[in-house]
Trainee: 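There's a structure below that I have some questions on.
Start at 1 and go down the list; that is how both ligands and their atoms are numbered. Numbers for residues simply follow the sequence, beginning at 1.
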Amino acid sequence: MKTDRTAAGAAALPLANLTSLALPHIAQLHAYTPGLQPTEPGWVKLNTNECPYPPSPLVAEALRLEIGDAGNSLRLYPNPSSAPLRQLIARQHGLTEGNVLVGNGSDDILNLLVRVFGGPAAASGFLLPSYSLYPVLVAIQDGAARVVEFDRSMRLPVETIATSGAQAFFLTSPNAPTGVGFTPAEIETVLERFPGLLVVDEAYAPFARTHAVSLLARHPRLVITRTLSKAHALAGLRVGYALAHPEVIGLLDRVRDSYNVSRLAQAGALAALADTAYYAGVIARIVATRDAFAAACTVRGWFTYPSEANFVFTEPRTARGVAGPAVARSLYEFLLGRKILVRYFPSHALTAPFLRVSVGTDGDMLAVNQATDAWLQTAP
Ligand SMILES: *Cc1c(COP(=O)(O)O)cnc(C)c1O
């Protein structure tokens, strides 16, 4: 987990206050903090909701085919609109190509949405806690933000969203880091009361009981974003997509990079999305492991939100029944010492007493449970 930057390398450059040349809001920007990505082997990595299983074997085959013998195809730019991929995605959701935009991960799509619909005079709204990239994307555009707070019930505060004054509102369903999913009926209530653009970030929808795609037919202000990073085990390939009214897709198309999805990403994503039988198996396994792990947390007496995602958000308690931020940190650090990496979010009162554990293999979860048993012996 070391960076390449060395003190010697920095000292070799002359002093210059280059930050003063940047736009003031960028000079003050707090960048998004991604989860740790350890490079040395031996970690049980349950901190960034990646898939513990490999992608469909058809993906590697498609990538080899795309590269060709000498990588000759890479001389050429990719399909600028990802047309074949758009067509496949549209068909799978019962939509048309004009309803689909493909991005370099769904983060690319979220960034486009903030750039098109947000700014200093057009507020973007989001919930807290939810995906912590939204406020960063808004801050990069010097955009106004409307923050709507959940309470501990994590029920959707429909009226507060409706009256938030946001031009575009970002709603994660199932939510991160809680795993709590919202039904199409709840999302439709928001669409009926909130007058702006509603972006439903469905990064975890493949693990959920429901999703909101059917609402697109009667709600032109709805945008749904999806990713291949989680359920499709392709976080390293960078592919995500938006489903929306053609007019919204057209606006996003004006702003995106002309070649925002590489040849390899398009080829790999096509192969992955075509192999629905493989992924049905992967998702079923992850859901079964998730439900067993969540049940084990509940049996320990730990409050655990019902998860519809590929992670479990749970409030650890010591053997004497104590919970809270210090207890969550204690378990986080204990697990870290045993090379088990989970996620701890100390910056918000509703998340600080909890840990978010990505669902790995049954073996990974056994390692977490055994280490937790050992921690329970040591904790005060
Ligand atoms: C992981 C995640 C994303 C990012 O997906 P990429 O396609 O990898 O950029 C977007 N939204 C939420 C809520 C996520 O958890």
Side-chain angles (χ1 to χ4, degrees), residues 31-37 45-52 55 59 82 85 89 100-115 124-138 140 150 154 156 168-182 187 198-208 211-212 223-244 252 256-257 260-262 264-266 268-269 272-273 279 283 286 290 305 307-313 342-343 345 348 351 356-359:
Y32 176 72
T33 324
L36 297 174
Q37 295 287 353
K45 189 176 179 303
L46 304 175
N47 67 331
T48 49
N49 303 339
E50 288 139 330
C51 181
V59 172
S82 305
L85 190 49
I89 292 164
V100 183
L101 185 100
V102 183
N104 178 34
S106 64
D107 289 351
D108 179 26
I109 307 267
L110 296 169
N111 190 23
L112 292 173
L113 285 161
V114 168
R115 288 167 70 193
S124 303
F126 46 84
L127 285 145
L128 219 59
S130 75
Y131 188 35
S132 56
L133 180 69
Y134 311 137
V136 178
L137 295 177
V138 174
I140 290 169
F150 277 107
M154 296 295 168
L156 201 58
F169 198 95
F170 292 80
L171 170 60
T172 319
S173 182
N175 196 18
T178 61
V180 174
F182 305 109
I187 286 165
L198 182 69
V199 180
V200 180
D201 182 342
E202 290 196 336
Y204 300 103
F207 308 104
H211 59 74
V223 179
I224 290 176
T225 63
R226 292 281 182 103
T227 177
L228 274 66
S229 296
K230 311 285 163 55
H232 295 84
L234 292 173
L237 200 63
R238 312 302 305 129
V239 183
Y241 60 87
L243 305 173
L252 299 174
R256 73 174 172 85
D257 292 347
N260 65 330
V261 185
S262 78
L264 296 181
Q266 291 187 39
L273 289 175
Y279 285 106
I283 291 163
I286 291 171
R290 172 194 76 198
Y305 287 104
S307 174
E308 292 198 53
N310 65 339
F311 53 82
V312 172
F313 199 54
V342 302
R343 198 80 189 261
F345 299 96
H348 193 282
T351 60
R356 190 194 69 188
V357 185
S358 305
V359 176

Trainee: Can you list everything that forms a ring pair (Phe, Tyr, Trp, His ring centres under 6.0 Å) with Phe182? Sequence neighbours excluded, please.
Mentor: none
Trainee: Run the numbers on Tyr305 and Asn175 for side chain to side chain donor-acceptor pair (under 3.5 Å), then give the verdict.
Mentor: CA-CA 11 Å; Tyr305 287 104; Asn175 196 18; over 6 Å; no
Trainee: Heavy-atom distance under 4.5 Å between the side chains of Leu85 and Leu273, does that happen here?
Mentor: yes
Trainee: Strictly distance-based, threshold 3.5 Å: is any side-chain N or O of Tyr241 a donor or acceptor partner for the main-chain N or O of Arg226?
Mentor: no
Trainee: Do Arg256 side-chain atoms and Leu101 backbone N/O form a donor-acceptor pair below 3.5 Å?
Mentor: no
Trainee: What residues sit with at least one heavy atom under 4.0 Å from ligand 1?
Mentor: Gly105, Ser106, Asp107, Tyr131, Thr172, Asp201, Ala203, Tyr204, Thr227, Ser229, Lys230, Arg238
Trainee: Could you check whether Lys45 and Thr48, counting side-chain N and O atoms only, form a donor-acceptor pair closer than 3.5 Å?
Mentor: yes
